> 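Structure in structure tokens, see below.
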Amino acid sequence: MLNRRRSVLRLLAGVLLLAGAGCTDSTEPAGFGTVIGRVTAANGVTPIPSVSVYLEYAGPASAVLTDSRGDYKFENVPVGTHVIHADKGNFHATDTVVVRGGGWTNLSPNVKLVAIGELAYVDGLYDSIEDLIKNLGYTPKKLELAELNSPAALAQYRMIFLNCGSHVPASAAASLLQWVEAGGTLYASDWELDVVQAMFPSDIMTVSSAPSQNITGTVTDGGLEQFVGKPNVLIAYDLSAWKTLSQISNTPTVLLRGNIATDNDGTQNQALAISLSHGSGRVVYTTFHNEAGITADQLVVLRYFIYY
């Protein structure tokens, strides 16, 4: 009998706790409420940090950033129906929430980011960034090498991902540069440094190679650090030969840096990932990619490049 009474009391306590979960600070004005919610990838599962979220009535100036769990919060929101906007790189989402007053917390459903424009990739031998993109709920189109020389073909896409080992010819540099200038975002990894160097010969002057190794990278970009939630990340280079950025100009933004044991030059502190702005677009180049030995840190960093 005593055990049954205890069980009933526990059940009542749980019900009261759930009922109270909808309330916030009772000092909040009666005509206002609090809005909490989460931003995810299109799959509705993966939370996306550092997304800019704002309520339409207050405008972009009132934007907040999602935390490491993809969560956001607005307080003192007037009662009524409000439109939520979320932006991250080439991705956007809108949703609505009905706000109750009297100090109530109003839970918004997950806001799912959708791509602004089409995504595409070029197949590679040693990389599969498209797998990460698909896992996030997006459907990139596979491009053939010949399409990279066609401005009309490139114009269909907002983002293009060049996998390591896709053997993009240097002859595609001019059309890719023109596409980036018009607002495209290009991602390239490891061996595709050749075409990036052809696009920016005065900014990427010298390259070399390095053997397989694990590197603790130092995050040198505020946006990346906010996304991964820490200043250092473990990066695995599972293959025996990969490209390194031996000498670059001051123009690229260095996103990640680390000490590399190179084949010919000993250990050097080099950029592991960079970005280059050009016209209305940008290029992101990373020495590492999605491969067999990928670390948990590496996965998050690559995810950042998708939403960069």
Side-chain angles (χ1 to χ4, degrees), residues 38-43 45-51 65-71 88-91 113 121 124 126-138 159 161-165 185 187-193 196 209-245 248 252-262 267-275 282-308:
R38 175 169 294 175
V39 178
T40 72
N43 60 19
V45 176
T46 306
I48 307 300
S50 63
V51 178
L65 293 178
T66 57
D67 62 18
S68 60
R69 297 169 299 183
D71 294 340
K88 183 66 177 170
N90 291 304
F91 297 82
L113 292 173
Y121 71 96
Y126 308 107
D127 190 3
S128 54
I129 189 69
E130 69 276 8
D131 289 345
L132 302 185
I133 298 170
K134 292 173 183 177
N135 287 340
L136 292 170
Y138 309 105
M159 299 185 75
F161 298 81
L162 306 181
N163 281 306
C164 174
T185 298
Y187 164 93
S189 71
D190 200 356
W191 287 4
E192 301 323 299
L193 180 57
V196 177
S209 64
S212 61
Q213 59 193 282
N214 288 346
I215 296 175
T216 298
T218 300
V219 179
T220 54
D221 176 74
L224 176 56
E225 183 172 356
Q226 190 170 49
F227 193 90
V228 300
K230 53 186 178 179
N232 298 292
V233 291
L234 181 63
I235 304 297
Y237 293 88
D238 201 46
L239 300 175
S240 58
W242 49 278
K243 298 283 190 178
T244 72
L245 295 160
I248 60 176
T253 298
V254 178
L255 307 173
L256 193 63
R257 184 178 292 277
N259 289 322
I260 302 169
T262 62
T267 301
Q268 295 185 344
N269 183 26
Q270 293 185 11
L272 304 179
I274 62 172
S275 70
R282 67 172 65 179
V283 175
V284 178
Y285 172 76
T286 170
T287 55
F288 52 91
H289 43 71
N290 182 30
E291 55 181 303
I294 189 171
T295 69
D297 288 347
Q298 200 164 335
L299 176 62
V300 177
V301 173
L302 290 175
R303 192 177 291 156
Y304 174 75
F305 295 151
I306 295 171
Y307 289 101
Y308 187 51

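Just so we're clear, the structure is a prediction, and the values are computed from it rather than from any experiment.
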> Has the side chain of S68 got a donor or acceptor atom that lies under 3.5 Å from a matching backbone atom of G229?
no
> For residues 299-308, which residue pairs pass the side-chain hydrogen bond (donor to acceptor under 3.5 Å, both in side chains) check, not counting sequence neighbours?
Y138-Y307, D221-Y304, S275-Y308, R282-Y308
> Using modelled atom types and a 3.5 Å cut-off, is there a donor and acceptor pairing between side-chain atoms of T220 and backbone atoms of L255?
yes
> Would you confirm whether R38, through its side chain, and R69, through its main-chain N or O, come within 3.5 Å as a donor-acceptor pair?
yes
> Begin with the C-alpha distance, continue with both residues' side-chain angles, and end with the deciding distance and a verdict on side-chain contact (heavy atoms from CB on, under 4.5 Å) for Y237 and D190.
CA-CA 10 Å; Y237 293 88; D190 200 356; over 6 Å; no
> Nearest 0.5 Å please: distance from the OG1 atom of T216 over to the CG atom of L256.
10.0 Å
> Okay, side chain of Q270, backbone of I260: is any donor-acceptor separation there less than 3.5 Å?
no
> Supply the atom-to-atom distance I274 CD1 to T287 OG1, rounded to the nearest 0.5 angstrom.
9.5 Å
> Checking the side chain of N290 only, and the main-chain atoms of D127 only, is there a donor and an acceptor separated by less than 3.5 Å?
no
> Apply side-chain contact (heavy atoms from CB on, under 4.5 Å) to the pair Y121 and K134, showing each step before the final yes or no.
CA-CA 11 Å; Y121 71 96; K134 292 173 183 177; 4.1 Å; yes
> If you look at every heavy atom in V300 and F227, which pair is closest and at what distance?
O-CE2, 3.5 Å
> Would L193 and L245 count as a side-chain contact (heavy atoms from CB on, under 4.5 Å) here? Give the steps.
CA-CA 9 Å; L193 180 57; L245 295 160; 3.7 Å; yes
> How close do L272 and G258 get, counting heavy atoms only, and between which atoms?
CG-N, 3.7 Å
> Using side-chain heavy atoms (C-beta onward) and a distance below 4.5 Å, is F288 in contact with V301?
yes
> Between atom CG of D131 and atom CG of N163, what is the distance when rounded to the nearest 0.5 Å?
8.5 Å
> Can you tell me how far CG of N43 sits from CG of L113, rounded to the nearest 0.5 angstrom?
10.0 Å
> Tell me whether D297 contacts the main-chain N or O of V233 through its side chain, where contact means a donor paired with an acceptor under 3.5 Å.
no
> Would a distance-only check, ignoring hydrogens and angles, find a side-chain to backbone donor-acceptor pair under 3.5 Å from E192 to G165?
yes
> Of the non-hydrogen atoms in T66 and V39, which two are nearest, and what is the gap between them?
CG2-CG2, 3.7 Å
> Do Q213 and N259 come close enough that some side-chain heavy atom pair is under 4.5 Å?
no
> At their closest point, which heavy atom of A261 faces which heavy atom of A210, and how far apart are they?
O-CB, 3.7 Å
> Which heavy atom in A236 sits nearest to a heavy atom in T295, and how many Å separate them?
CB-CG2, 3.9 Å
> I need the I133 CD1 to M159 CE distance, nearest 0.5 Å.
7.0 Å
> Can S189 and Y126 be counted as having a side-chain donor-acceptor contact under 3.5 angstrom?
no
> Would T286 and Y187 satisfy side-chain contact (heavy atoms from CB on, under 4.5 Å), going step by step from the backbone distance to the final call?
CA-CA 8 Å; T286 170; Y187 164 93; 3.3 Å; yes
> Please give me the minimum heavy-atom distance between R257 and N269, naming the atom from each residue.
CG-OD1, 2.9 Å
> Taking side chain to side chain contact (heavy atoms under 4.5 Å, CB included) as the definition, give me every residue that meets it alongside E225, ordered by chain and number, with sequence neighbours left out.
V219, P231
> How about CH2 on W242, more than 12 heavy atoms from neighbouring residues, nucleotides or ligands closer than 6.0 Å, or not?
yes
> Quick one: pull up OG in S50 and CD in Q226 and give me the separation to the nearest 0.5 Å.
5.0 Å
